[in-house]
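No hydrogens, no waters, no symmetry mates; every other heavy atom, side chains included, goes into these values. All of these numbers come straight from a predicted model, not from anything done at the bench.
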Amino acid sequence: MIVEKIVGNIRMLDKLPPHIERVYLNSDDLVKRIQRVVTDHGTEIGIRLKETKELTDGDILWMDEKKMMVVSVLPDDLLVIRPTSMKQMGEIAHQLGNRHLPAQFEGEEMLVQYDYLVEELLKQLHIPYQRKKRKVKQAFRYIGHRHDG
């Protein structure tokens, strides 16, 4: 089976079919438009998305009245950072930017993939954080650029 478009998202449905198969993906795989995956029931699926939309947790790859195949994102090892002031937020944002580390924001929390050097930095700056395994809604995106003029 080849999937070329996302049918929808499981969160938008009122009624689910009786059988749901899950495709477990790392957050890094959400940006891949072409990949081969296997559901938790052993069904092989080729994904070849025609549009440039990224996959997200809960996306439906295929569905009929009896069965659906849904993307489930595996939890990432994260540093969940909760700065207590604008100064702390500025300090950690500046440091992460210098390292070109991508961050995501959920409510009052800044999420970055676990890195022991960042953890040491957070300790030095006395910025509250926790290390947690948690699902992210989208892939961490590295944005590269050059420093030469």
Enquirer: If you take all heavy atoms of D76 and S27, which pair is closest and at what distance?
Expert: OD2-OG, 2.7 Å
Enquirer: By the definition side chain to side chain contact (heavy atoms under 4.5 Å, CB included), identify the one residue from E119, R82, M110 that meets it with Y129.
Expert: E119
Enquirer: Any chance you could lay out the side chain to side chain contact (heavy atoms under 4.5 Å, CB included) test for V70 and V23, step after step, and finish with the verdict?
Expert: CA-CA 6 Å; V70 179; V23 173; over 6 Å; no
Enquirer: If I compare all heavy atoms of P75 with all of K133, which pair ends up nearest, and what's the gap?
Expert: CB-C, 4.1 Å
Enquirer: Going through the checks in order, is the side chain to side chain contact (heavy atoms under 4.5 Å, CB included) test met by I92 and L121?
Expert: CA-CA 8 Å; I92 194 60; L121 179 63; 3.9 Å; yes
Enquirer: With D115, which residues qualify under side-chain hydrogen bond (donor to acceptor under 3.5 Å, both in side chains), at least two apart?
Expert: none
Enquirer: Would you compute the distance between atom CG of L122 and atom CZ of R131 and round it to the nearest 0.5 angstrom?
Expert: 12.5 Å
Enquirer: Would a 4.5 Å heavy-atom cut-off, applied to side chains only, mark N9 and I60 as touching?
Expert: no
Enquirer: What distance separates L49 CG from K32 NZ, expressed to the nearest 0.5 Å?
Expert: 13.0 Å
Enquirer: Indicate if I10 and W62 have the same hydrophobic cluster label, given that clusters are the connected sets of ILVMFWY residues with side-chain heavy-atom separations under 4.5 angstrom.
Expert: no
Enquirer: Mind listing the closest non-hydrogen atom pair of P17 and D64 along with its distance?
Expert: CB-O, 3.9 Å
Enquirer: One thing to verify: whether R134 and E109 come together as a salt bridge, which I'm taking to mean a side-chain N less than 4.0 angstrom from a carboxylate O.
Expert: yes
Enquirer: Give, for atom CD1 of I20 and atom CE of M68, the distance between the pair rounded to the nearest 0.5 Å.
Expert: 5.5 Å
Enquirer: How close do K50 and R33 get, heavy atom to heavy atom, and via which atoms?
Expert: O-NH2, 3.4 Å
Enquirer: Calculate, to the nearest 0.5 Å, the distance between atoms CD and OG1 belonging to E44 and T39 respectively.
Expert: 9.5 Å
Enquirer: Hydrophobic clustering (ILVMFWY, side-chain heavy atoms < 4.5 Å, transitive) - are Y114 and L117 grouped together?
Expert: yes
Enquirer: Using the rule side chain to side chain contact (heavy atoms under 4.5 Å, CB included), only one of D59, V71, V136 pairs with L30; which is it?
Expert: V71
Enquirer: Tell me the closest heavy-atom pair linking T56 and K53, and the distance in Å.
Expert: OG1-NZ, 4.4 Å
Enquirer: Around atom NZ of K87, are there more than 12 heavy atoms from other residues, nucleotides or ligands closer than 6.0 Å?
Expert: no
Enquirer: Would you name the heavy atoms of V112 and P102 that are closest together and state the gap between them?
Expert: CG1-O, 3.7 Å
Enquirer: Linking I/L/V/M/F/W/Y whenever any side-chain heavy atoms sit under 4.5 Å apart, do V73 and V37 land together?
Expert: yes
Enquirer: Are F105 and I81 connected into the same hydrophobic cluster when the rule is that any two of I, L, V, M, F, W, Y join if their side-chain heavy atoms are below 4.5 Å apart?
Expert: yes
Enquirer: Check the hydrophobic clustering (I, L, V, M, F, W, Y; side-chain heavy atoms under 4.5 Å; chains of links allowed) and say if L55 and M1 are grouped together.
Expert: yes
Enquirer: What distance do Y24 atom OH and D57 atom CG have between them, rounded to the nearest 0.5 Å?
Expert: 10.0 Å
Enquirer: Quick one: CD1 on I34 to CD1 on I47, what's the gap to the nearest 0.5 Å?
Expert: 11.0 Å
Enquirer: Are any side-chain N or O atoms of Q88 and backbone N or O atoms of H126, one a donor and one an acceptor, separated by less than 3.5 Å?
Expert: yes
Enquirer: What do you reckon, is CZ of R48 surrounded by more than 12 foreign heavy atoms closer than 6.0 Å?
Expert: no
Enquirer: Under 3.5 Å, is there a donor-acceptor pair between the side chain of Q35 and the main chain of D29?
Expert: yes
